[in-house]
Number of protein chains: 2
Amino acid sequence: MGRRSDHSREELRELILEEGHRQLSEVGFARFSAREVAKRIGYSIGTIYNVFGSYDALLLALNGRTLDVWLAFLEQRLAGREERRLDAAIEAYFDFALGCRHAWTALYDFRLPEGTPPSQDYRDKVAAITGVIVREIAAILPPGLGGEALPLARSLLASVHGHCFFALNGTFAMLGETDPVGAAKARVADALARFGAG
Amino acid sequence: MGRRSDHSREELRELILEEGHRQLSEVGFARFSAREVAKRIGYSIGTIYNVFGSYDALLLALNGRTLDVWLAFLEQRLAGREERRLDAAIEAYFDFALGCRHAWTALYDFRLPEGTPPSQDYRDKVAAITGVIVREIAAILPPGLGGEALPLARSLLASVHGHCFFALNGTFAMLGETDPVGAAKARVADALARFGAG
DNA sequence: GAAAAAATTGAACGATGTCTATTTCTTTAA
DNA sequence: TTAAAGAAATAGACATCGTTCAATTTTTTC
């Protein structure tokens, strides 16, 4: 078959991303197959390469979509919340990771070849999620410590990430930890206490 | 070719693990190939299946070897150290992960099929590394808080892991963090301060 | 309406993990 | 000593994967 006009370039891209994200969410990164995605949308594997150029680019785009969903999820959880907003953000971190287990895990399982930085677009998405936490922490920190918000947010994100990662990959289960969320909240509280916040 | 007697079963197992760990350390989990390991030791792929039964079992054994090396590295770094032992352990965490980048990353990239818990042997190795941290924290905590050592060790390991993970996977670079080790130490200090230790 | 450009395909390639029938060697038993 | 039993190693087949590319068909352009 040759050229067809079933979908515009953009429609096709969206079609692939939609089905691709469904696949990734269902089977996980290790079993994800670009061929399978092509088959399911009724196109051939070559078409995916036409649109995305490579497997890596496709996966980066899929992970980008996960980041989009994650950001929306986080903000929705915070919307209207008055107290304990940082705790809510931590809960949202865990709930998203657990609820979108495979897609969330793929964010970290997939890595571009060494020396290949992700696109600016992707970096912006990561920065957007971080930005939410920076904002929340800045609102909590005592006046005059605003400059600490970014470094602290990075570090607390890493701490929460570690707890969430261990919760999902079984490390915590191995070690008998039954309340990863509580532990993560406690560590964040410890850090904020140092700055006289919380 | 049929049966040969170049190596005993144990020698063969060791041969595969040695070359396999070398491969894993060089090319990383994503590019690791059991076939390639077989080729390099002069056996066929079938032999690896004879000895290990499956690809998953081989990788679990390889990761187990990484844990062995890691534990030895950690204890060697702590040996003879009088002060700031926990800081030394954090540095060791990062140094090992950076120095054995691919092998360390494989510990988390590789996952057994869902519902398949790792062998007792593997869990023991994870517990052994954790045990070192439990011991160090117990030595620092005020008297009467000994029961907090294990939960705190789990949580601090997760925090340090998150920092180390973000350092290696580029997240920290994206966010402008230039001193991941310092940030990790700070978070650990925050937690210890809550317990009146440090 | 012809030429140029764009899009889509499917076959080919070299890998991978996995499995099995077969061959070969070692061990056991008569 | 020799034949049968058992264990170990292999080659090859299978299905899959990402990747590439010549060929084909449609759309666009002039």
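Letters A, B, ... are given to chains in the order of the sequence lines, protein chains preceding strands, and every chain is numbered from 1. What's counted below: heavy atoms across the whole structure, side chains too, no hydrogens, waters or symmetry copies.
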Next item on the list: Nearest whole angstrom, please: distance from the P of dG14(C) to the CD of Glu36(B).
Entry: 16 Å
Margin query: Please classify the nucleic acid contact of Leu59(A) as base, sugar-phosphate, or nothing, using heavy-atom distances under 4.0 Å.
Written below: nothing
Note to self: To check you understand the geometry: which heavy-atom pair defines the closest contact between Phe52(A) and Ala61(A), and what is its length?
What the structure shows: CE2-CB, 3.7 Å
Next item on the list: Tell me what Thr47(B) touches on the nucleic acid: a base, only sugar-phosphate, or nothing, going by heavy atoms under 4.0 Å.
Entry: base
Notebook entry, point to check: Rounded to the Å, how far apart are Asp6(A) CG and dT8(C) P?
Noted result: 8 Å
Notebook entry, point to check: Rounded to whole angstrom units, what separation is found between the CD1 atom of Ile16(B) and the C1' atom of dG17(C)?
Noted result: 15 Å
Check: Under 4.0 angstrom, heavy atoms only, what part of the nucleic acid is Leu58(A) near: base, sugar-phosphate, or nothing?
Finding: nothing
Note to self: Counting neighbours of CZ on Arg84(B) that are heavy atoms of other residues, nucleotides or ligands and sit closer than 6.0 Å, is the number greater than 12?
What the structure shows: no
Check: So Tyr55(B) and Phe110(B), would you call those rings parallel, tilted or perpendicular, with 30° and 60° as cut-offs?
Finding: perpendicular
Notebook entry, point to check: Between atom CZ in Arg35(B) and atom C1' in dC14(D), what is the gap in whole Å?
Noted result: 11 Å
Check: Given atom CD1 of Ile45(B) and atom P of dC19(C), what is their separation to the nearest angstrom?
Finding: 11 Å
Next item on the list: Would you kindly give the NE2-to-C1' distance between His7(B) and dA8(D), to the nearest whole Å?
Entry: 14 Å
Notebook entry, point to check: Any idea which of dT8(C), dG18(D), dT18(C) is nearest the Ser33(A) side chain?
Noted result: dG18(D)
Margin query: Using whole Å, what does the distance between atom P of nucleotide dT19(D) and atom CD1 of Ile48(A) come to?
Written below: 11 Å
Notebook entry, point to check: Picking from dT8(C), dG18(D), dT10(D), which would you name as closest to the side chain of Ser44(B)?
Noted result: dT10(D)
Next item on the list: Quick one: sort the Tyr93(B) and Trp70(B) rings into parallel, tilted or perpendicular, breaks at 30° and 60°.
Entry: perpendicular
Note to self: Please verify the inter-ring angle class for Tyr43(A) with His7(A); under 30° counts as parallel, over 60° as perpendicular, anything in between as tilted.
What the structure shows: tilted
Item checked: Pair of N/O donor and acceptor under 3.5 Å linking dA7(C) base with Asn50(A) side chain -> no
Check: Heavy atoms under 4.0 Å, any strand shown: does Tyr43(B) hit a base, just sugar-phosphate, or nothing?
Finding: sugar-phosphate
Note to self: Heavy atoms only, 4.0 Å cut-off, all strands: where does Gly42(B) land among base, sugar-phosphate and nothing?
What the structure shows: sugar-phosphate
Next item on the list: To the nearest Å, give me how far apart CZ (Arg31(B)) and C1' (dG14(C)) are.
Entry: 15 Å
